[in-house]
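Quick notes on the structure that follows.
Order of appearance sets the numbers: ligands from 1, and atoms from 1 within every ligand.
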Amino acid sequence: MTVRTRADLSALPSYVPGKTIPGAIKLASNEVSAGPLPSVVRAIADAATAVNRYPDTAATDLVARLGDKLGVPAGQVAVGCGSVTLCQQLVQATCTQADEVVFPWRSFEAYPIITAVVGAGQTRVPLTAGHGLDLDAMLAAITPKTRLVFVCNPNNPTGTALRRAEIERFIEQVPAETLVVLDEAYKEFVDDPDVPDGVELAKAQWAAGRDNVAVLRTFSKAYGLAGLRVGYAVGSPELAETLRKVYVPFSVNALAQVAALASLDAEDELMVRCRAIVAERGRVRAELLAAGFEVPVTQANFVWLPLGERTAAFNEHCLEHKVVVRAFVGDGARVTIGEPEENDAFLAAARTFTG
Ligand SMILES: *Cc1c(COP(=O)(O)O)cnc(C)c1O
């Protein structure tokens, strides 16, 4: 006898994480290269003595703190085991098998996988020629079955960002029963004042009677806690409540909760790091352009090289130079901005690419 698993899952590709190769520079997962702050390590170490106890499943302190920081009632904040898990909770909260999710493509690799795991239908909307989200095409892709639209801003892996006015115009045209999720995993790296803070934008929409807007944020990128898994969603009270219903109990662990709080305490210090990464991003992009690469303007902690069929060769070439990038074969390579010397190693590799 063989256990019968869902036939529809056999065709589903697995999530491909960025590779970690001993001795190589990893610029494949959009992590912050600098290690956790000493104050954060201390908080984690102190909390380690109590791991015989279950965590606070409601993450009460963290949710209250986030509510204060964002200026929303705590009831409108829902935490998750990384924002990727919240993406799944959002699909679970809105969709059955009869419903559909719309998202841009190429975008965050987890969207199609999560949607398929939940069993909902999906529509992938191609990016514009400029590698940005095509909001008009996304609007046109919405049908009466569409319950959720992911808007990744800035977009992973292209780094392009939508401006306030275009997002507002989009939301105003989306049917009121369809949820728009602004996935802001890279928000802290944005330096264009026309790219909105999604939570502020959402608040204005809620005040205008549109409760179909939610925002996703994470501690994995700018806050440097990728290994601990904690993110959050901000939405209407009803949506946040439904997200809590589909939450796997205790999945945001105790160390993640204290580390997130300690990181909020150290926010100023962490944002200084982010600004240094933004400065490096400008340098790396300028040098890549000078070397003849096409590099879309990026608002995230990575650059996108739309190399098409040359992507696989570029990936190999970087690996030979002990630099691990994230290749989407046939499409392009995404390269995280690391410390200056890591970026130099990558640039040296890129300049010698002749493929
Ligand atoms: C990295 C990323 C996330 C999720 O990060 P978590 O580590 O699960 O919090 C979500 N959305 C996008 C677009 C990302 O790039």
Practice item. For Y186 and N153, test the side chains for any donor-to-acceptor distance below 3.5 angstrom and give the result as yes or no. Key: no

**Study point:** Sub-4.0 Å heavy-atom approach of A226 to ligand 1
**Key:** no

Review point. When you measure from atom 8 (O) of ligand 1 to every protein heavy atom, which one gives the shortest distance, and what is it?
Key: R229 NH2, 2.7 Å

Study note, to complete from the structure: Looking only at protein heavy atoms, what sits closest to atom 7 (O) of ligand 1 is S220 OG, 2.6 Å

Point to revise | Lys/Arg cation over aromatic F328: R326, 6.0 Å, 45° cone | key: yes

**Study point:** Check: D192/Q299 side-chain N/O donor and acceptor closer than 3.5 Å
**Key:** no

Review point. What's the shortest distance from atom 5 (O) of ligand 1 to any protein heavy atom, and which residue and atom give it?
Key: S83 OG, 3.5 Å

Exercise for review: Enumerate the atoms of ligand 1 whose separation from the nearest heavy atom of C152 is less than 4.0 angstrom.
Suggested key: 13 (C)

Exercise for review: Measure from the side-chain N and O atoms of N155 to the backbone N and O of G159, and report whether any donor-acceptor pair falls under 3.5 Å.
Suggested key: no

Check your understanding: Can you find an N or O of A185 that's nearer than 3.5 Å to an N or O of ligand 1?
Key -> no

**Study point:** No-hydrogen, no-angle side-chain donor-acceptor test under 3.5 Å, Y223 and E267
**Key:** yes

Check your understanding: Below 4.0 Å from any atom of ligand 1, is there a heavy atom belonging to D183?
Key -> yes

Review point. What's the shortest distance from atom 15 (O) of ligand 1 to any protein heavy atom, and which residue and atom give it?
Key: Y186 OH, 2.6 Å

**Study point:** Protein contact to atom 1 (C) of ligand 1 [nearest heavy atom, distance to 0.1 Å]
**Key:** K221 NZ, 1.4 Å

Exercise for review: Report yes if some N/O of N156 lies less than 3.5 Å from some N/O of ligand 1; otherwise report no.
Suggested key: yes

Check your understanding: Does a side chain donor of either E342 or S33 reach within less than 3.5 Å of an acceptor in the other side chain?
Key -> yes

**Study point:** N156 and R334: side chain donor to acceptor below 3.5 Å
**Key:** yes

